[in-house]
Amino acid sequence: KKIIIRALHSIEIDYKVTDESDAPTPPPERIDWAEVSEVRQHGSGWIICLIKSPVTGIIVPADAIVEVRRQQS
């Protein structure tokens, strides 16, 4: 999986499998930053809480985050 976080803009999740597995994967997902209610550290990773999510949030291991950009003001 690959996660790209563009602070105050969006979170992009790519579920591509990098091994030779034939397991089905969900399509890439884009979450607008307006849907994020909170981001907090959890162990060596992060929990991204979403406003309308039926689950508590997305748990993102630190090694899954490949890029973080700050929005220019």
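Residues take their numbers from the sequence shown, with the count starting at 1.
- By the salt bridge (Lys or Arg N to Asp or Glu O under 4.0 Å) test, E35 pairs with no residue at all, sequence neighbours left out.
- Residues meeting the side-chain contact (heavy atoms from CB on, under 4.5 Å) test with E29, sequence neighbours left out: I13, Y15, I31.
- Nearest heavy-atom pair across V36 and L50 is CG2-CD2, 4.0 Å.
- Qualifying side-chain contact (heavy atoms from CB on, under 4.5 Å) partners for P28, counting only residues two or more places apart in sequence or in other chains: D14.
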Show me, pair by pair, the donor-acceptor contacts under 3.5 angstrom made by side chains of residues 41-49, not counting sequence neighbours?
none

